[in-house]
Amino acid sequence: MKDEWADTIFKDVLDFNPPGYSVDYSAYPKLASPLTFYDKHIDKRLSLRKVTLASSLTSDLAQAVHDAFTTIKNDDRLQLPSVDAADFPVMRPEMTNEYRLGPYAKEVAIKYQLETAFSASIIASMLLLHPNSPVWTRVFRFTEHSALSRYSNPALIEDYAPDFLKPYTHVAEPFAWTIPKEAWDAMERHTQEEVIQAKKRFRFLAVWQMFYIRREARRALKRMDTLTLKDIMPTPSFHTHTPPYEPNDGDLRPSPDAVNTAWGVSVASFVNAVNSPKKTTGLRRSTRLSILASKEASHKSKKPVTNKKAAVTPLSAAERIFQWKDVTIPSGANSTCTDEEMGTLILQHAWARAVERDSTFIVLHCGNYERIAFRHRSSRTLFISDLIKVGECSDPAYGAIHIGLYISILKDVLDRTRQLMDADANEQPKKRKRKTTNYPETRKRPKTRAGVALEQARKLAEERNFKVVYTEASHRSLALLRIQHSHYNSSVPASFIRYDRSKKVDKLTYKPREYFCITLTSPLGIGATGDAHEGVIDLMGPSGDSLSLPNIVVKFAFRPDERQRLRHEFKVYEHLKSSRVTGIPHHFGLFKDVESDTLALVMTKGGTSLPDRKTRPDPDIYDPSFMVSKSERADFINTLEMIHAAGVRHRDIRGANLVVNEDGNVNIIDFDRASLKSRKRTIQLEMEHLISVLDGDHAAVGLEFVSRGSFRESESPSAGPGSSWEKSEDDSDRQHTAERDTNYSWGSGVEESGEDGDSEESDSDGSQDTVTSLSWARLTSMYT
């Protein structure tokens, strides 16, 4: 089709404009602030600094399509397949009428996926990566990823994003997971390797923010032009008033920007062209020299490309310096904002998501209106397009814009992947480590008398310090929380008040002996209840000195169902504590963020889970096997006996919830699914299950006793990682910590009757847990 590319064959696709919505905007709830808890912890050196209008961006994206077609036309070795084939991707506006999609955020996303994304992604993939494929197919997809959002916001959905399919193998896998053989064979070898590396380094290729049809979203998108008048964008942060605190300002090398754009110019040229004033002759000489000097300084200060993502190194205890003075916390969150403020919040949140995913392109879409944004990392500038009226685009049309968008996303990701691969190759080879064997991660016993004495002195000092810190922190009302890992580096802490539903919080100023500080230093994983982080507690002791306690775990809950689980787990821990049960983590209390509904359960880290304390040849592969000693086995059984004697059934006994600390003490953790009312028979069966797990039956299934009728077959351990959540690829690609927390779960967890879920066992079949997304299955079955 060399001579047909510019004719009417692609005209319908390139000139496609989806039909718009015609709805009563007042019929739906108002749009709330999209800014999240984590957005306010982003390192200020990575935050959004400037918003600039890039009026040429839509035409630039269309130019990328033209350039791709021209390349194929001028190269005799490239030949697109016939467009008369049944697999040619056509835009499908009739899908909207067929499925009667409405104006809510989820439905707006589905409408875009069916009408535009499916066809645009295939054409972009063909034009850029494998034009010689005999059929119209693709190496990436735009689809829903059920694990992306940790928040409940009916007006905004951000679970949709493009990602690469898995590299083709000869092992039979579902088509939606793997690059088709035709596309894989049509790519050159170096392109295959770049796609493999890009899949490993970038889980998601861009950020899509889908808003429902509402005046607030429409007005915010329309008035984003006014944000370009601001010299510096405000940095989102909490409103806690604390003594001056400088976050970790160590070396931070952001991920590189791409060298070239998809529309034929370098990224530097695009940025300079947009930023350059249209008239420079009218500027004062001193102003022109100042601009020139700042550009030269920016060029000289560029750091070499690193093969690692931007990450903050946590400060040690000696480096953390606190000024123990009075602090003032905010009275609550501000729920109202103007259209301009809403636009600022939307861009701040979208930028934070792009930092999190290391993405360059951002799409803000609310049905009838849209903005496309280009993120420039080194200048911390967001270049936004003119307002796009989705159903009224002309020169270029909406279809051409989005085909060019996907081409640009692919080129950007592959460009940055090549830079990271070169950085890997330039690194000095590390010395090969001696091969290690499996061993329990416990502290080695000293062999000499002096060593024994030192070990005993160490234990006594740690016990005294723990007792003081635990006693003090457990009675203080305020926790100031910072995050200091990955791309988080809090400049202002979040204020968490001890949670008590019967008590109204009216105190705003706290003295040093009324609060303590928490610094989170590493993530632990994402579970059914929420996110878990490891950290350290700092506080002013009774004598005025600073005390620290490491190995603290903070469990966050954001959504209503997560908060209910966490309240229930806290209630169980309180009951076990009052029953004097040992072999479980010590908890400091349940706290609530005063500026949001986020809950945090603070406790000690029980130790390393049995599967995690062994050395694995591949850390990305979750291996449930583990070893336990005779004494550990006896201790686990004794601990569960005490738990049962207190009238509690754990309901989630597995290797990931059986942990051993460095002193060899065992703990059973995670009581979010526990029941406070259990039958004798189910308790007996749970003990038998623990014994079978300790004896090596790590994938026991068919445990009806866990919660009669609530076990979900799709989440069976025998199905393995990735079998649940509609068998989505996301879960198989998660870190093993997240896999064990989500895929190996039993039922809904909390037996709900009241707020804390304390009731008799449910007799339901649990079907409501597995059919949440079935209403959308018919919509996307042919496209995913």
Side-chain angles (χ1 to χ4, degrees), residues 36-47 150 237-238 240 242 245-254 308-323 352 355-356 441 462 465-466 469-470 473 478-496 515-527 530-540 546-558 585-589 591 593 598 600-609 612-613 619 659 661-662 667 669 735-738 741:
T36 66
F37 174 78
Y38 284 125
D39 296 346
K40 300 177 183 180
H41 290 282
I42 292 286
D43 193 307
K44 62 182 180 181
R45 295 169 293 176
L46 299 174
S47 63
R150 303 299 301 160
S237 64
F238 296 94
T240 307
T242 62
Y245 172 84
E246 284 298 324
N248 181 12
D249 59 353
D251 187 26
L252 180 69
R253 296 182 179 180
K308 299 179 181 179
K309 287 186 178 181
V312 176
T313 303
L315 296 176
S316 65
E319 294 172 321
R320 289 193 308 275
I321 301 175
F322 294 93
Q323 299 181 25
V355 171
E356 193 176 273
E441 288 189 358
E462 288 182 354
N465 181 72
F466 173 80
V469 175
Y470 179 72
L478 174 64
L480 301 179
L481 187 142
R482 294 179 173 90
I483 305 180
Q484 199 176 85
H485 65 74
S486 307
H487 47 274
Y488 302 117
N489 194 14
S490 316
S491 56
V492 178
S495 299
F496 279 81
Y515 67 86
F516 63 96
C517 298
I518 301 175
T519 304
L520 303 182
T521 55
S522 63
L524 291 178
I526 301 175
D531 301 354
H533 300 255
E534 184 175 354
V536 58
I537 284 180
D538 292 282
L539 55 77
M540 175 187 280
S546 294
L547 299 177
S548 295
L549 182 66
N551 298 325
I552 296 301
V553 171
V554 176
K555 216 177 197 182
F556 290 119
F558 302 104
H586 294 82
H587 73 279
F588 296 84
F591 295 82
D593 178 23
T598 302
L601 179 60
V602 185
M603 66 191 91
T604 57
K605 184 179 181 182
T608 304
S609 69
D612 277 350
R613 67 176 185 162
V659 300
N661 65 19
E662 60 181 9
N667 285 282
I669 63 172
Q735 297 177 354
H736 69 278
T737 53
D741 285 337

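Heads up: numbering here begins at 1 and tracks the sequence.
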Subject >> side chain to side chain contact (heavy atoms under 4.5 Å, CB included) evaluation trace for Phe556 with Leu520 >> reply: CA-CA 12 Å; Phe556 290 119; Leu520 303 182; 3.6 Å; yes

Atom pair [atom1] ([X]) and [atom2] ([Y]), whose distance is rounded to the nearest 0.5 Å:
X      : Y      : atom1 : atom2 : value
Thr604 : Asn667 : OG1   : CG    : 7.0 Å
Asn551 : Phe466 : CG    : CZ    : 10.5 Å
Lys40  : Ile483 : NZ    : CD1   : 12.0 Å
Thr598 : Asp593 : OG1   : CG    : 5.5 Å
Asp43  : Gln484 : CG    : CD    : 9.5 Å
Ile526 : Asp531 : CD1   : CG    : 5.0 Å

Subject >> Partner of Ile552 by side chain to side chain contact (heavy atoms under 4.5 Å, CB included), out of Ile537, Val469, Thr519 >> reply: Ile537

Using every non-hydrogen atom in the two residues, find where [X] and [Y] come nearest and quote the distance to one decimal.
X      : Y      : answer
Phe238 : Pro493 : CB-O, 3.4 Å
Ser548 : Val536 : CB-CG2, 4.4 Å
Leu480 : Ser495 : CD2-OG, 4.0 Å
Pro585 : Ile669 : CG-CG2, 3.5 Å

Original post:
Mind checking whether Val554 and Glu534 have side chains closer than 4.5 Å, heavy atoms only?
Top reply: no

Original post:
Is there side-chain contact between Asn661 and Thr608, with at least one heavy-atom pair below 4.5 Å?
Top reply: no

**OP:** Would you please name every residue forming a side chain to side chain contact (heavy atoms under 4.5 Å, CB included) with Ala352, sequence neighbours left out?
**Re:** Asp39, Ile42

Original post:
What residues, two or more places apart in sequence or in another chain, satisfy side chain to side chain contact (heavy atoms under 4.5 Å, CB included) together with Ser237?
Top reply: Val492

**OP:** Determine the interplanar angle of the Tyr488 and His485 rings, folded into 0 to 90°, and report it as parallel if under 30°, tilted if 30 to 60°, perpendicular if over 60°.
**Re:** perpendicular

**OP:** May I ask you to decide if the ring planes of Phe588 and Phe516 are parallel, tilted or perpendicular, using 30° and 60° as cut-offs?
**Re:** tilted

Original post:
Which is it for Lys555 and Val602 under the side chain to side chain contact (heavy atoms under 4.5 Å, CB included) test, yes or no, and what are the steps along the way?
Top reply: CA-CA 7 Å; Lys555 216 177 197 182; Val602 185; over 6 Å; no

Original post:
Would you say Asp538's side chain and Ile518's backbone share a donor-acceptor pair under 3.5 angstrom?
Top reply: no

Original post:
Given the side-chain rings of His41 and His487, with only the six-membered ring counted for Trp, is the space between their centroids under 6.0 Å?
Top reply: no

**OP:** Using the side chain to side chain contact (heavy atoms under 4.5 Å, CB included) rule, take Met540 and Tyr515 through it: C-alpha gap first, then chi angles, then the decisive distance, then the call.
**Re:** CA-CA 9 Å; Met540 175 187 280; Tyr515 67 86; over 6 Å; no

Original post:
Taking only residues two or more places apart in sequence, or in another chain, which ones meet Phe496 in a ring-ring contact (aromatic ring centres under 6.0 Å, His included)?
Top reply: Phe37

